[in-house]
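Every heavy atom of this structure was used, including side-chain atoms; hydrogens, water molecules and symmetry mates were not. The chains referred to below are lettered A, B, ... by the order of the sequence lines, with proteins before strands, and numbering in each begins at 1. Owing to the predicted nature of the structure, the values given are computational and were not obtained by experimental measurement.
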Amino acid sequence: MIKFEHVGLRYGVGPEVLTDIDFTLEPGSFHFLTGPSGSGKTSLMTLMYLGRKPTRGLVTMFGQNINQMERDKLATLRQRIGVVFQDFRLLNHLSAFDNVALPLRIAGRPEKEIKDNVDELLEWVGLGEHKNVLPLTMSGGQQQRVAIARAVIARPKLLLADEPTGNLDDEIGFRLMNLFDQLNRMGTTIVIATHNQKIMDEFGHSRLVLDSGTLKIEAPKNWIQKKIEGVF
Amino acid sequence: MNPFKPKKDRRLGVAEGKRQYDLPLNKSIGTGFLVVLIALMTFLAIMALGTSFALGSMTQRWSSGLENKATIEVPAEKNDSDLRTKNEVNALVERVEQKLSDQPYIKSVTALDQGDIQALIEPWLGQGEILDNIPLPGLLSVELQISNESSLAKLTKTLAEIDETIRLDTHESWLGDLLRLTGALQFAAGFVLLIIGFTTVAAVAGAIRTRMAVHNEEVELLHLMGAGDGYITRQLQRHALMIGLKGSLVGLIAGLIVLGLIALIAGDTGAALLPDFHIQLGHIIGMIIVPTLICIIASMAARFTVLRVLAQMP
Ligand SMILES: Nc1ncnc2c1ncn2[C@@H]1O[C@H](COP(=O)(O)OP(=O)(O)OP(=O)(O)O)[C@@H](O)[C@H]1O
Ligand SMILES: [Mg+2]
């Protein structure tokens, strides 16, 4: 699904934020991306959602080298990636409904289908009453849920979420983690950047740990325990 | 409950209702200004085109009306500033008329009545004694079968045989001057149209580039969500087209009203010099083409501007 080989990234003439990143994510896997603030989690996400090209190294997504892809192929590829931005990036002149509907509209889906799907998902994330509300009049947590709904509405093959539960209380946080889990079970590869130890412990997925520009993969702490539960 | 479960019956639906642009274009600053600018451009284009059409039909009327005609003047004075009497002038005129009427290359010849000539200069001299006593030239209007060098040469020769002082005025020189003048004016009108086109392109391209800069975050977001260049371009192109439509329609209506008023005033004063605006099919088509072209120009300018900005995104 995603393969990074000796990838480095620097912003402008600054120092390398990411140095020599090497990893492979299998299709349908679920990962947490963690590391101290400023370690480059968002930067790595940006490379994964094709928001920037790496300054060096090779990035392969969906089996294709993105450096050699044509422009419209890249656009199609981006449509299969759902992103929850750390700063949400909602369109402030559009209602919650229209924000969530955006990926489907870009994909050119019929309006009736859009309406049904968006209404149902907004209901699911607890914003059924707020579908016509503009983002700026919403609380941070509500905006975050709109951003999450927008990222998952088109059932992406890859979901990248940058601190998606940062502004949410544990209950709604877990509810949304379940949403990601459900999506994962339907085949979506998921990477979630988070600091939330509780959530990482509860959902024992493998961890990508970023530290000073390099990445190492840790097996889930309660991985063996989960296996045992699965056997019995 | 699983929100991701595909539901077949939902795929049957069709798009319903209208929605806003994904980009907040309707609320953009400067939209009104651009509409006014395009309205002005269209107005100017309509005026230039109207002028060009009027000049066209004017020259057409003049050249078709005068082409085979010439005026013969029997001067009131002989060579050495001796004056001819009225009777002498009349006699000469009569001789010319007789002589020419049976020449094969002449279609018709008419002597202008002395009364007519008096009427012509009456506005300057007033009625009465002076007019009766003043020596007036004799004038004849001839129409040639064909207006070419040989027939004109024959005519000149025949006139010289009658009297050396008789002058022939073929209109050609002043008509030529007029045609050159109207031609130059029409060229200027065309040039004005060209400038209007360029101004529209520059104004729309500038406005679109500003919008792209102002809404850079939104544009980038759409791009990151997988919106193709076409998807983003269409929105801004449609936006420019709506502005173009609004502006050019206002400009067209204003232009037509003003042209109509000019025609009305010109008709009222009865100024013979101004041609009456005979609306032709070609003119109507031309007037419709102007706003259409402006809309196309606006939309194309928007398109290429957006594509150029988008090309800078990875
Ligand atoms: N657009 C940018 N231009 C220049 N430098 C940047 C840019 N974005 C991030 N950086 C730098 O890259 C480094 C990593 O930033 P990044 O946002 O990826 O960290 P992070 O792990 O997401 O942090 P946090 O946990 O606080 O969100 C930081 O030192 C930051 O200053
Ligand atoms: Mg970050």
Interchain contact, A/R80 with chain B, by part (heavy-atom threshold 4.5 Å): neither
Determine whether more than 12 heavy atoms belonging to other residues, nucleotides or ligands lie under 6.0 Å from atom NZ of B/K246. no
List the atom of A/I106, the atom of B/A227, and the distance in Å for their closest heavy-atom pair. CG2-CA, 3.5 Å
Taking the side chain as C-beta and beyond, is there a heavy-atom pair between A/L94 and B/E218 under 4.5 Å? no
Is it the case that atom OH in A/Y11 sees more than 12 heavy atoms from other parts of the structure closer than 6.0 Å? yes
Please classify the contact between B/L221 and chain A as side chain, backbone, both or neither, with a heavy-atom cut-off of under 4.5 Å. side chain
Under 6.0 Å from the CZ atom of B/R308, do we count more than 12 heavy atoms belonging to anything else shown? no
Could you pull out the closest heavy-atom pair between A/A75 and B/G228, with the gap in Å? CB-CA, 4.1 Å
Which pair of non-hydrogen atoms, one from A/R71 and one from B/L310, has the smallest distance, and what is that distance? NH2-O, 2.6 Å
NZ/A/K73: more than 12 non-hydrogen atoms of other groups inside 6.0 Å: no
Which heavy atom of A/R78 sits nearest a heavy atom of B/H223, and at what distance? CD-O, 3.3 Å
CD of B/E217: more than 12 outside heavy atoms within 6.0 angstrom? no
Counting only heavy atoms closer than 4.5 Å, note whether B/L222 contacts chain A via side chain, backbone, both or neither. both
Looking at every heavy atom in both B/G226 and A/Q79, which two are closest together, and how far apart are they? O-NE2, 2.9 Å
